[in-house]
Every structure is written in C-alpha cells, then in structure tokens.
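Presented below is the structure to which this report refers.
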Amino acid sequence: MYRRLYLSVKSSKQTNEMFLETCNIMPGKAEIGGWGEGEERVNLAEQSLLNKLIRRSLVRNRNQVEVLQADPNSPLYSVKTFEELRLKPELLKGVYNMGFNRPSRIQENALPMMLAQPPQNLIAQSQSGTGKTAAFSLAMLSHVNPDNKWTQCLCIAPTYELALQTGQVIEQMGKFCPDVKLAYAIRGNRMERGAKLQEQIVIGTPGTVHDWCTKYKLIDPKKITMFVLDEADVMIATQGHRDQSIRIHRQLPMNCQMLFFSATFEDSVWRFAEQIVPEPNIIRLKREEETLDTIKQFYVNCKEKEDKFTALCNLYGALTIAQAMIFCRTRKMAAWLTESLTKEGHQVALLSGEMTVEQRAAVIERFRSGKEKVLVTTNVCSRGIDVEQVSLVVNFDLPVDLDGNADNETYLHRIGRTGRFGRRGFAVNMVDSQHSMDIIKQIEMHFDRKIIKLDTSNLEEMENLIS
Ligand SMILES: Nc1ncnc2c1ncn2[C@@H]1O[C@H](COP(=O)(O)OP(=O)(O)OP(=O)(O)O)[C@@H](O)[C@H]1O
C-alpha cells in the first residue's frame with residue numbers, strides 16, 4: 001500500500017520530549033495514581049503506545065458485550081466469521097494475512113454495525129487490546145471507494161506516534177488493496193497549500209488534521225463520509241485536543257458516519273462522545289476482573305530500605321522464584337534496588353520513567369523472554385504487562401493515592417501480574433511504618449482477603465506458610 005510520507009518513530013529521549021511538548025502532553029498531565037516528590041507518573045498516551053508496542057495478541061475477555069441500539073427495533077446482527085461481512089476479497093485476504101481467524105468479541109457486534117447500510121453511528125468502549133483498532137481499520141478500508149481520488153475517511157488519534165501505529169495497521173490490512181491510499185496528517189509532514197489530497201484515508205492528530213482541512217485546504221471536510229475518533233480517553237486528557245476534535249467535527253456533513261472509541265468511559269469521555277456522535281449505537285465490553293483468588297498475600301515488617309532488601313534476599317533463599325516484579329515508588333529507590341540486587345548476583349532489569357517508550361518496550365521484551373529474572377519498576381509499568389512466568393510480586397513501596405490512602409486499584413493491577421492462567425502466585429508487601437500497616441489493613445478490608453505476616457528471618461516458618 002502506498003502512503004504519502006513515511007516518518008519513522010524516533011526513539012531518542014530528546015525526540016520523545018519534543019514530541020510530548022509539541023502535542024501539549026506535558027509529563028505529569030493525563031496521569032493515574034498518586035505521587036509525591038520524585039515519584040513516577042504515568043502518561044496515558046505513553047502507556048497506550050507502550051501497550052501497543054508490547055502486545056502480541058488479543059486480550060482475553062470472556063464477558064458478554066453490552067449493546068444499546070439507537071433504534072431498538074432494528075435487527076441486531078453479530079458475526080462469528082469474517083466471511084459473513086461480505087468484504088472485498090482483497091480485504092478479506094489482508095485480514096487473514098494478519099493471522100486473524102475470527103472476529104474478536106467486540107468485533108462480532110461492532111463490525112456489522114460499522115459496515116451497515118444506511119450508515120450507523122457507533123460509540124464503542126472496551127479495554128485496550130480487545131480489537132478496536134483492527135475493527136475501525138477494517139471499516140475504513142471497506143468503506144472507501146478506491147475510484148474516488150479524494151479523502152473520504154478521517155481518523156484522528158491523540159499523538160503522532162499513536163497515529164503512526166494505527167496507520168501501520170491500516171497499511172497491513174490494506175496490503176492487497178493497492179488502490180486504497182493513506183496519508184498521515186502529522187507534524188512534520190509538510191504539504192503544499194491547496195493541492196487536494198488524493199488519498200482516500202487520512203489519519204492524524206487533531207491539530208494537523210484541522211490545519212489540513214481549513215488552513216491548507218488539502219481535504220474537503222464536506223466530502224468526508226466516515227469520521228473515526230480513536231482513544232477518546234487519551235484525547236481528552238491531552239490539552240487542546242478535545243476542542244480541536246470538535247472543531248473538525250463541526251465541518252463534517254450531517255450524514256457523515258461517526259465512530260468513537262475509548263478504552264475507558266468516565267463521565268468526561270461520555271460527555272465528549274455525546275458532542276461527537278448523534279444517535280449513537282453503543283457497544284461496551286466490560287474489562288474481565290482481575291482476581292486475587294490464586295494469590296497468597298503476605299506482609300513483612302521492615303524498618304529501613306536495607307531491611308527490605310535483606311527480606312527480599314531471604315525470600316529468594318527460601319523460594320523457587322521463576323520471575324519476580326518489584327514495585328518501587330521513586331526512580332531513585334528503583335535504581336538503588338537494582339544496583340543492590342545486581343551486586344548480589346541477580347539478573348535484574350530496570351524499568352523507569354526516564355526511558356523512552358521504545359526503550360521500555362525493549363526492557364519488557366527481554367524480561368518476557370527470560371533474559372532477566374527480576375524486573376524492578378516504578379509505577380510506569382504497573383499496568384498492561386502480562387508475563388506468564390511471574391510468580392512473585394513485591395511491593396517494595398505500597399501503592400497509595402494522592403491522599404495517602406491505599407490505592408486498591410493499582411494494588412490489584414500490580415498483584416494481578418502474578419497468579420495468572422491458573423498458576424499460583426505470591427505477593428509480598430514491605431511494611432515500614434504504622435502508616436503502611438494501616439494501608440495493609442485498608443487493602444485487606446477492601447478485597448476481603450487476609451494478608452499474612454511473614455517473618456523472613458525464620459526460614460522454617462516461611463517455608464510452611466508459603467508451601
Ligand atoms: N480478530 C482478531 N483475531 C486475532 N487477533 C486480533 C484480532 N483483532 C485484533 N487482533 C490483534 O489483537 C491485538 C489488539 O488489537 P487492537 O490493537 O485492534 O486492539 P485495541 O482494542 O484497539 O487496543 P489498543 O487501543 O491498545 O490498540 C493486536 O495485536 C491485533 O493485531
């Protein structure tokens with residue numbers, strides 16, 4: 001498939017910062033969880049990109065899809081095969097060529113709706129990795145008329161790099177559709193004023209897409225018949241993007257099909273969706289709940305960081321640990337722990353916020369392939385990583401929210417890294433003050449699960465408790 005200009009994903013730290021600045025995503029905006037000085041912050045756009053870079057397959061989800069139809073009397077279609085969608089053969093070939101055998105759970109309902117005639121509007125929410133991007137890429141490729149040499153589908157994404165990632169999916173899926181062309185409306189892709197684009201699909205960030213429609217007049221917004229807004233939750237967390245998206249949306253014709261996607265659905269996302277999508281069909285797939293059922297939870301009393309380190313070494317002496325993830329609050333602590341463990345002869349990988357997203361993805365890949373047995377990390381990677389072999393999760397520092405209370409959600413996400421796929425896992429929490437003991441109590445109450453005291457200096461007791 002042809003594209004207008006290829007801009008590779010740059011990986012230097014400098015470029016990353018420049019990119020954040022240009023997109024108005026300042027580190028510290030769009031973040032999850034609570035922190036004090038020197039603590040790591042999660043940036044939603046970075047997190048999303050990281051998830052895309054490390055993901056290998058669909059995220060498992062056995063929940064039922066909830067569908068709310070704009071017209072409850074119209075029949076509700078769902079498909080179990082891609083054949084049922086009656087796609088163009090070259091597009092079907094592209095789908096199979098990507099290794100997709102059957103539609104994912106959300107795709108089963110979303111695809112017939114997106115491909116329906118007359119066009120239907122859609123708001124779809126499901127967690128990252130459930131097949132949304134693949135679904136709307138397919139819808140766009142199916143929608144365009146390759147004989148018409150003007151832009152028919154507009155897709156906006158929150159950042160330069162996320163737009164590139166989605167563009168790559170469109171290109172891969174449309175590999176056997178040589179007449180369908182894609183252009184990237186992203187920073188740095190300079191175009192001549194007034195020269196109308198011939199590409200049927202344009203993907204880009206809101207600012208540049210807006211410029212291409214209004215200032216440069218490369219796209220005639222009145223000729224757009226499908227508008228896709230991806231990662232709405234990340235979009236509204238990025239300064240200015242919400243307003244730019246609405247400005248683009250205002251120029252589109254009334255009968256343009258609107259498709260709106262988000263991984264989460266808090267009130268602000270919902271209000272945004274209402275502004276963009278009239279008469280929507282709504283599809284939601286609830287996240288499959290993580291569970292603490294297969295995980296034994298402990299706490300260890302420690303005074304200083306050195307005690308925590310000793311406790312950790314004792315644990316290693318007593319347990320056969322395939323792989324472990326250790327969570328620290330600050331970069332400094334993570335760096336100290338990494339150094340100390342390395343001196344003890346452990347193979348340790350460090351994941352922290354000063355790394356670019358690409359560097360983080362590379363560290364996670366190495367850990368996944370077993371090159372390192374211990375991953376020390378700050379909050380930046382507490383979500384989204386599935387490593388089957390992780391049998392121990394250590395909270396070197398307990399997760400707290402902005403008010404200093406237990407951050408139960410983060411706790412669950414961290415601990416949920418272990419005990420996966422029916423395997424047994426262990427979680428060990430380091431308690432270094434009355435305050436952290438209170439947090440343990442709050443977590444116990446919240447999940448209604450006992451967290452057992454562990455004396456790591458008593459090998460026999462430890463073996464009995466853990467076995
Ligand atoms: N029907 C399918 N069968 C097999 N794999 C699929 C299918 N649909 C998508 N995938 C793969 O699953 C992974 C997640 O899909 P996709 O990126 O479309 O999900 P998403 O919900 O858009 O997540 P994100 O917003 O993080 O990108 C990708 O690796 C994609 O190639």
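Numbering of ligands and ligand atoms starts at 1, following listing order. Numbering starts at 1 and runs along the sequence shown. Keep in mind that this is a model prediction, so the values were computed, not measured.
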### Task
For the pair Thr208 (side chain) and Thr205 (backbone), establish whether a donor and an acceptor sit closer than 3.5 Å, ignoring hydrogens and angles.
no

#### Entry: Single hit among Glu108, Gln69, Met113 for side-chain contact (heavy atoms from CB on, under 4.5 Å) with Ile283
Met113

### Message
A quick test of your reading: do over 12 heavy atoms of other residues, nucleotides or ligands sit less than 6.0 Å from NZ of Lys149?
### Response
yes

### Query
Judged by modelled atom types alone, do Tyr411 and Gln297 share a side-chain donor-acceptor pair under 3.5 Å?
yes

### Query
Can Thr159 and Glu161 be counted as having a side-chain donor-acceptor contact under 3.5 angstrom?
no

### Query
How many angstroms lie between CG in Asp401 and OG1 in Thr410, if you round to the nearest 0.5 Å?
9.0 Å

Present, as a list of atom pairs with distances to 0.1 Å, all nitrogen or oxygen contacts under 3.5 Å between ligand 1 and the protein.
| residue | atom | partner | partner atom | Å |
| --- | --- | --- | --- | --- |
| ligand 1 | 1 (N) | Arg102 | O | 2.8 |
| ligand 1 | 1 (N) | Gln107 | OE1 | 2.9 |
| ligand 1 | 8 (N) | Gln107 | NE2 | 3.0 |
| ligand 1 | 12 (O) | Leu58 | N | 3.4 |
| ligand 1 | 18 (O) | Thr133 | N | 3.2 |
| ligand 1 | 18 (O) | Ala134 | N | 2.9 |
| ligand 1 | 19 (O) | Gly131 | N | 2.9 |
| ligand 1 | 21 (O) | Gly129 | N | 3.3 |
| ligand 1 | 21 (O) | Thr130 | N | 3.1 |
| ligand 1 | 21 (O) | Gly131 | N | 3.1 |
| ligand 1 | 21 (O) | Lys132 | N | 3.0 |
| ligand 1 | 21 (O) | Lys132 | NZ | 2.9 |
| ligand 1 | 22 (O) | Lys132 | N | 3.4 |
| ligand 1 | 22 (O) | Thr133 | N | 2.7 |
| ligand 1 | 22 (O) | Thr133 | OG1 | 2.5 |
| ligand 1 | 23 (O) | Gly129 | N | 2.7 |
| ligand 1 | 26 (O) | Arg55 | NH1 | 3.1 |
| ligand 1 | 26 (O) | Arg55 | NH2 | 3.4 |
| ligand 1 | 26 (O) | Ser128 | OG | 2.7 |
| ligand 1 | 27 (O) | Lys52 | NZ | 2.6 |
| ligand 1 | 27 (O) | Thr133 | OG1 | 3.3 |

